[in-house]
Structure formats: structure tokens, C-alpha cells
Q: 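Pasting a structure below so you can have a look.
This is a predicted model, so every value here is computed, not measured. We count ligands from 1, going down the list as the structure has it; atoms in each ligand are counted the same way.
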Amino acid sequence: MVQLYNVGISFDKHSVLEGVSLDVAPGEFVSIVGASGTGKSTLLRLLYMDLMPGKGLVRVGSFSSDTIRKKQVPLLRRRLGIVFQDFKLLEDRSAFENVAFALQVTGAKSADITKKVMTVMGRVGLNHRRNAMPHQLSGGEQQRVAIARALVNEPFLLLADEPTGNLDPVTAHDILQLLININTQGTAVIMTTHNYDLVRKAPGRIIQLKDRTAAEVQLKS
Ligand SMILES: Nc1ncnc2c1ncn2[C@@H]1O[C@H](COP(=O)(O)OP(=O)(O)OP(=O)(O)O)[C@@H](O)[C@H]1O
Ligand SMILES: [Mg+2]
């Protein structure tokens with residue numbers, strides 16, 4: 001479902017990743033850990049094909065970095081859910097509208113949109129806050145909206161780049177639990193974090209980025 005073969009990428013001749021290979025199966029939960037600057041966000045950008053590898057190959061679903069055309073990238077993104085540390089909500093739209101927007105751009109019918117948004121807001125536990133504006137929501141609630149938006153197109157894979165980085169430890173744990181619930185219901189999750197405490201509570205494999213390469217590590221005692 002996700003494959004990296006011997007991937008290398010550099011910025012201005014500065015090598016960030018070298019010889020990175022990784023396979024992720026449908027339904028897996030994989031955590032990517034590493035210190036700041038080790039290339040966690042770069043790795044995820046390669047997966048949603050915001051970046052192309054300088055060396056090697058990236059495959060996500062039926063898309064491959066060596067054959068994908070620029071105009072196909074939005075089709076890939078529509079099959080993925082993507083969540084960021086800073087939520088990236090539209091500030092002038094309510095929680096409901098933020099989630100609905102992700103469906104409107106696909107041309108969905110308005111009755112379907114309402115139904116799907118209500119369902120997904122329920123899944124993240126925020127139906128009661130659906131009419132709030134982002135600035136009226138706590139950080140944890142804003143991240144739940146961002147996760148609802150990422151899920152509303154029923155992605156096969158959810159990419160979460162440091163999803164708890166702006167949250168206090170208790171809220172971070174709640175958000176991890178939500179990602180685990182989503183994963184249990186069948187969506188593969190690839191999450192990055194620099195938080196080793198958090199990653200110990202995550203299910204599945206842990207891949208550590210260090211010295212430009214990726215290796216599986218055992219952190220759970
Ligand atoms: N567009 C870019 N141009 C130049 N250098 C870049 C670019 N994007 C990332 N880098 C560099 O690549 C390295 C990895 O960056 P990346 O953002 O992937 O790290 P990270 O592990 O996500 O760090 P953090 O934990 O701080 O988010 C860093 O040295 C960064 O400066
Ligand atoms: Mg990052």
C-alpha cells in the first residue's frame with residue numbers, strides 16, 4: 001500500500017534522507033520518530049507527493065513517484081487524509097464548514113455532505129461544537145476538526161505530521177487515542193512525532209529517523 005524503495009532526497013545539495021526503504025501494509029499503525037530536522041515532515045511530504053525523491057521510488061496506493069503526473073497528485077490527495085501540528089483550519093468558517101469544504105471541492109451533493117459531516121464529527125466527538133468557529137475551540141478540539149476533515153473522504157491512509165505537537169500531554173494522549181480508534185476501524189495511520197513518551201503508547205511499528213536513514217526500533221519495554 002505504501003512503499004519506499006531506497007529513497008534519497010536533498011535540499012540544495014544538503015542530504016536529508018538516504019537509502020530509506022519502508023513498506024506499510026493496509027490497516028497498519030506506524031509511528032515515525034526522530035529529533036527535529038531528521039526529515040519526518042519530508043518523509044510525509046514524499047508520501048503525499050508534495051516532494052519527489054531525488055533517488056529511489058515512492059509508491060502510495062496505485063500511484064508511483066516515477067509515473068505520476070502533476071495533475072494526478074490531487075487525485076492521490078483525495079484518497080489520503082492529512083493532519084498537521086498547526087491544524088490549518090480556515091478561520092472564517094465554522095467547524096462544520098471546515099469539514100464540509102473537503103467534500104464540496106470533490107463536487108459532492110449538499111444532502112450527502114451534511115450527512116457525511118455529521119457522521120465524521122460524531123466519530124471525533126465534536127458534534128456538539130460543530131457550529132463553533134476555530135478561534136472558539138481549544139487546541140485539542142481544533143485538531144479533532146482537522147482529523148474530521150481528513151477522514152470525511154474516507155481515506156485508506158491517514159498521515160499525521162506531529163499531530164500532538166501543539167497540545168498539552170493529556171490532550172495529546174486523547175488525540176493519540178482518537179487516531180488509534182480510527183486505525184482500529186480500518187484506516188492505516190502514519191504518524192510522526194519527536195515525543196518518545198507518546199510513541200511508546202502507540203500501537204504498531206516504530207520507525208526512527210536518525211543520521212539520514214530509517215530503522216525500526218523497539219521502545220516498548
Ligand atoms: N524546502 C526546503 N528547503 C530546504 N531545506 C529544507 C526544506 N524542507 C526541509 N528542509 C531541511 O530538511 C531537514 C529536514 O526537515 P524536516 O522538516 O523534514 O524535519 P522534521 O524531522 O520534520 O523536523 P521537526 O521535528 O522540526 O518538524 C531540515 O534540515 C530542514 O532544514
Ligand atoms: Mg516536521
Q: Apply the hydrophobic cluster definition, ILVMFWY joined by side-chain contacts under 4.5 Å directly or through others, and give me every member besides L57.
A: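 Its cluster mates, by chain and number, are Y5.
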Q: Compute both the distance and the angle, then confirm whether R93 meets the cation-pi test with F101: under 6.0 Å from the six-membered ring centre, within 45 degrees of the axis.
A: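 The answer is yes; both the distance and angle limits are met.
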Q: Of all the non-hydrogen atoms in the protein, which one sits nearest to atom 25 (O) of ligand 1, and at what distance?
A: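 The protein heavy atom lying closest is K40 NZ, 2.7 Å.
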Q: For ligand 1, which atoms sit closer than 4.0 Å to a heavy atom of S36?
A: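 Here the atoms of ligand 1 in question are 23 (O), 24 (P), 25 (O), 26 (O).
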Q: Do T171 and D168 have side-chain N/O donor and acceptor atoms under 3.5 Å apart?
A: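 Distance-only check passes for T171 and D168.
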Q: Would you check whether G37 reaches within less than 4.0 Å of ligand 1, judged by its heavy atoms?
A: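 Yes, G37 has heavy atoms under 4.0 Å from ligand 1.
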Q: Does some non-hydrogen atom of the protein lie less than 4.0 angstrom from atom 23 (O) of ligand 1?
A: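 Yes; the ligand atom in question has protein heavy-atom contact below 4.0 Å.
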Q: Less than 4.0 Å between atom 9 (C) of ligand 1 and some protein heavy atom, yes or no?
A: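 Yes, because at least one protein heavy atom sits under 4.0 Å from atom 9 (C) of ligand 1.
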Q: Any donor-acceptor pair under 3.5 Å linking the side-chain atoms of S94 with those of N131?
A: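 Distance-only check fails for N131 and S94.
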Q: Listing residue and atom name, which protein N/O/S atoms are closer to the Mg ion (ligand 2) than 2.8 Å?
A: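 Metal shell, protein only: S41 OG.
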Q: CD1/I68 to CE/M52 distance, rounded to the nearest 0.5 angstrom?
A: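 With rounding to 0.5 Å, CD1 (I68) is 5.5 Å from CE (M52).
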Q: Note the single closest protein heavy atom to atom 17 (O) of ligand 1, along with its residue, its atom name and the distance in Å.
A: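 Going atom by atom, the protein heavy atom closest to atom 17 (O) of ligand 1 ends up being S41 CB, 3.7 Å.
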Q: Are I32 and V30 close enough, and set up right, to give a side chain to side chain contact (heavy atoms under 4.5 Å, CB included), and what steps lead you there?
A: CA-CA 7 Å; I32 312 279; V30 173; 4.2 Å; yes
Q: Treating Q185 as the side-chain partner and I182 as the backbone partner, does any N or O pair qualify as donor plus acceptor under 3.5 Å?
A: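 Side chain of Q185 to backbone of I182: no pair is present.
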Q: Give me the residue, atom name and distance of the protein heavy atom closest to atom 3 (N) of ligand 1.
A: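 Closest protein heavy atom to atom 3 (N) of ligand 1: F11 CD2, 3.6 Å.
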Q: N6 and S21: side-chain donor and acceptor closer than 3.5 Å?
A: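 No pair is found: no donor N or O on one side chain lies under 3.5 Å from an acceptor on the other.
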Q: Starting from atom 12 (O) of ligand 1, which protein heavy atom do you reach first, and at what distance in Å?
A: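 For atom 12 (O) of ligand 1, the nearest protein heavy atom comes out as V16 CG2, 3.3 Å.
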Q: State, without any angle test, whether H194 and E162 hold a side-chain donor-acceptor pair at a distance under 3.5 Å.
A: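 Judged by distance alone, the side chains do pair up.
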Q: Is it the case that the side chain of K40 and the backbone of A35 share a donor-acceptor pair, with hydrogens and angles ignored and the cut-off at 3.5 Å?
A: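 Checked: pair present.
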Q: Ignoring hydrogens and geometry beyond distance, is a side-chain donor-acceptor pair present between S64 and D66 at under 3.5 Å?
A: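 Looking only at side-chain atoms, D66 and S64 do form a donor-acceptor pair, the distance falling under 3.5 Å.
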Q: Does ligand 1 have a heavy atom under 4.0 Å from the side chain of T42, from its backbone, from both, or from neither?
A: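 Under 4.0 Å from ligand 1, T42 contributes backbone and side-chain atoms.
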Q: Near A35, which atoms of ligand 1 are under 4.0 Å from a heavy atom of that residue?
A: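 Reading through ligand 1 atom by atom, the close ones are 21 (O).
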